[in-house]
There are 2 protein chains.
Amino acid sequence: MSKRAFDKIKTGLDDARAYLDGTADKRRYRVYVPETMDVKKIRARLGLSQEAFAATYGFALSAVRDWEQGRRRPERSARILLKIVQKEPDAVTRALAR
Amino acid sequence: MSKRAFDKIKTGLDDARAYLDGTADKRRYRVYVPETMDVKKIRARLGLSQEAFAATYGFALSAVRDWEQGRRRPERSARILLKIVQKEPDAVTRALAR
DNA sequence: AGGACTATACGGCAATGCCGTAGTCCGTTC
DNA sequence: GAACGGACTACGGCATTGCCGTATAGTCCT
């Protein structure tokens, strides 16, 4: 890993910690939401079929298909959710457990 | 990297492996997605203004307004995300940190 | 009174969500 | 090799939401 990459991650972690600590100004904190997401890649890493992926994280199967086929782009909230599925899939599972 | 962070990643990998191994049933697992969400309540508990709430979790301010005013209902992915924000706000922050 | 902050209210177009169905590819089983 | 089921591509089509902007109202502070 390059130093640059490390610094980037560290900055992110510092920001997150500052936020959680309440050190950061909650009014000014602003997250970055990516404009595009490689849904197929995220799903592949989890080793799930489109159907299982949708059922596991709550997506509509039709939406997953549209996204993977490039027919439609996941809208903002979906992109955020996909990011969480990618980085912290367990958190999603816990939050949605009944 | 902390041990805690490592364990988190490992847990994720273990889950993925469980899926691949067939230890977990890919087909039957299905989460429940609520049809309605009390956005105002979720936000109130976090003690954030509409603007700060939107900026912190990535929502569009206009969407938050529409939801709270009962003008529109958050669609599926947004409802899932809201549930995660409610139950595991830190996970969202971590996933979206740069 | 004036200003800063927060929330309500809503017009309006573009875009997505979601449903359904038909067709393709592939590994497997008879 | 024909039949089968699973996974995926492709897409028509309507209802609904996303998201933009702007105007209005309430609250608190100086």
Side-chain angles (χ1 to χ4, degrees), chain A residues 22 24-86 89 92 96, chain B residues 16-86 92 96:
Chain A
D25 184 345
K26 290 192 177 184
R27 294 183 307 176
R28 294 198 175 173
Y29 190 84
R30 165 154 254 131
V31 298
Y32 168 68
V33 181
E35 290 299 315
T36 61
M37 301 289 303
D38 191 334
V39 180
K40 187 171 256 180
K41 193 169 185 178
I42 294 173
R43 177 172 66 82
R45 290 222 170 172
L46 291 166
L48 298 171
S49 67
Q50 290 177 340
E51 191 173 0
F53 181 73
T56 301
Y57 298 109
F59 299 109
L61 175 57
S62 56
V64 174
R65 287 176 169 167
D66 284 343
W67 297 335
E68 291 198 9
Q69 290 178 38
R71 193 181 182 218
R72 303 213 193 296
R73 185 176 58 128
E75 52 88 64
R76 186 174 270 260
S77 295
R79 295 201 299 278
I80 298 171
L81 174 54
L82 285 165
K83 199 77 189 169
I84 301 170
V85 165
Q86 179 183 48
V92 182
L96 295 180
Chain B
R17 190 180 308 115
Y19 272 112
L20 294 174
D21 290 348
T23 305
D25 189 339
K26 305 182 189 179
R27 301 187 183 160
R28 293 196 183 168
Y29 191 83
R30 167 152 259 142
V31 298
Y32 167 70
V33 181
E35 291 298 315
T36 60
M37 302 289 302
D38 190 335
V39 181
K40 186 170 256 182
K41 192 169 184 175
I42 295 173
R43 177 172 65 82
R45 292 224 170 172
L46 291 166
L48 297 172
S49 67
Q50 291 177 340
E51 191 173 1
F53 181 74
T56 301
Y57 299 108
F59 300 109
L61 175 57
S62 55
V64 174
R65 287 175 170 169
D66 284 342
W67 298 335
E68 291 199 9
Q69 291 178 37
R71 193 183 182 214
R72 303 213 191 297
R73 187 177 56 133
E75 52 88 50
R76 199 179 189 92
S77 296
R79 295 200 298 278
I80 298 170
L81 174 54
L82 284 165
K83 199 76 189 170
I84 300 169
V85 166
Q86 178 182 50
V92 182
L96 295 179

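What you see is a predicted model, and the numbers here were worked out from it, not measured in a lab. In what follows, chains are A, B, ... by sequence order, proteins preceding strands, each numbered from 1.
- Distances shown here put a side-chain N or O of A/Lys40 below 4.0 Å from the OP1 or OP2 atom of D/dT9.
- Across all strands shown, A/Glu75 has heavy atoms under 4.0 Å from sugar-phosphate atoms exclusively, and none from any base.
- Rounded to whole Å, atom P of D/dC19 lies 10 Å from atom CD of A/Glu35.
- The CZ-C1' distance, from A/Phe53 to D/dC8, rounds to 15 Å in whole Å.
- Ring-plane geometry between B/Trp67 and B/Phe59 is classed as perpendicular, the angle between the planes exceeding 60 degrees on a 0 to 90 degree scale with a lower cut at 30.
- Residues A/Ser62 and B/Pro74 each lie close to DNA chain D; by heavy-atom proximity, the contact nearer the 5' end of the strand is made by A/Ser62.
- Screening B/Lys41, B/Arg73, B/Arg43 for a salt bridge (charged side-chain N to carboxylate O under 4.0 Å, His left out) involving B/Glu68 leaves a single residue, B/Arg43.
- Looking at which nucleotide of DNA chain C each of B/Gln50 and A/Ala63 is closest to, the 5′-most match is held by B/Gln50.
- Between the side chain of A/Arg65 and the main chain of A/Gln50, no donor-acceptor pair closer than 3.5 Å is present.
- Residues A/Thr36 and A/Arg79 come closest through the heavy atom pair N-CD, 4.3 Å.
- In this structure, the CD atom of A/Glu51 is 16 Å from the P atom of C/dC18, given to the nearest Å.
- Spacing between atom NZ of A/Lys41 and atom C1' of D/dC8 amounts to 20 Å, rounded to whole angstrom units.
- Atoms CG (B/Asp66) and C1' (C/dA7) sit 13 Å apart, rounded to a whole Å.
- Within 4.0 Å of A/Arg73, counting heavy atoms only, lie sugar-phosphate atoms of the nucleic acid but no base atom.
- Protein atom CG of B/Leu61 is 13 Å distant from nucleotide atom C1' of C/dC5, rounded to whole Å.
- For the pair B/Arg43 and C/dA7, the criterion of a side-chain N or O lying under 4.0 Å from OP1 or OP2 is met.
- Minimum atom distance to the side chain of A/Arg65 is reached by D/dT9, of the listed D/dT9, C/dC19, D/dC19.
- The shortest distance between the side-chain N/O atoms of A/Arg71 and the OP1/OP2 oxygens of D/dC11 is not below 4.0 Å.
- Residue A/Arg72 places no side-chain N or O under 4.0 Å from the OP1 or OP2 atom of D/dG12.
- A distance of 6.0 Å separates OH in A/Tyr57 from CG in A/Leu48, rounded to the nearest 0.5 Å.
- Map B/Gln69 and B/Arg76 each onto its nearest nucleotide of DNA chain C; the residue landing nearer the 5' end is B/Gln69.
- B/Trp67 has a side-chain polar atom (N or O) that falls below the 4.0 Å cut-off from OP1 or OP2 of D/dG18.
- The distance from atom CG of A/Leu81 to atom P of C/dT16 is 17 Å, rounded to the nearest whole Å.
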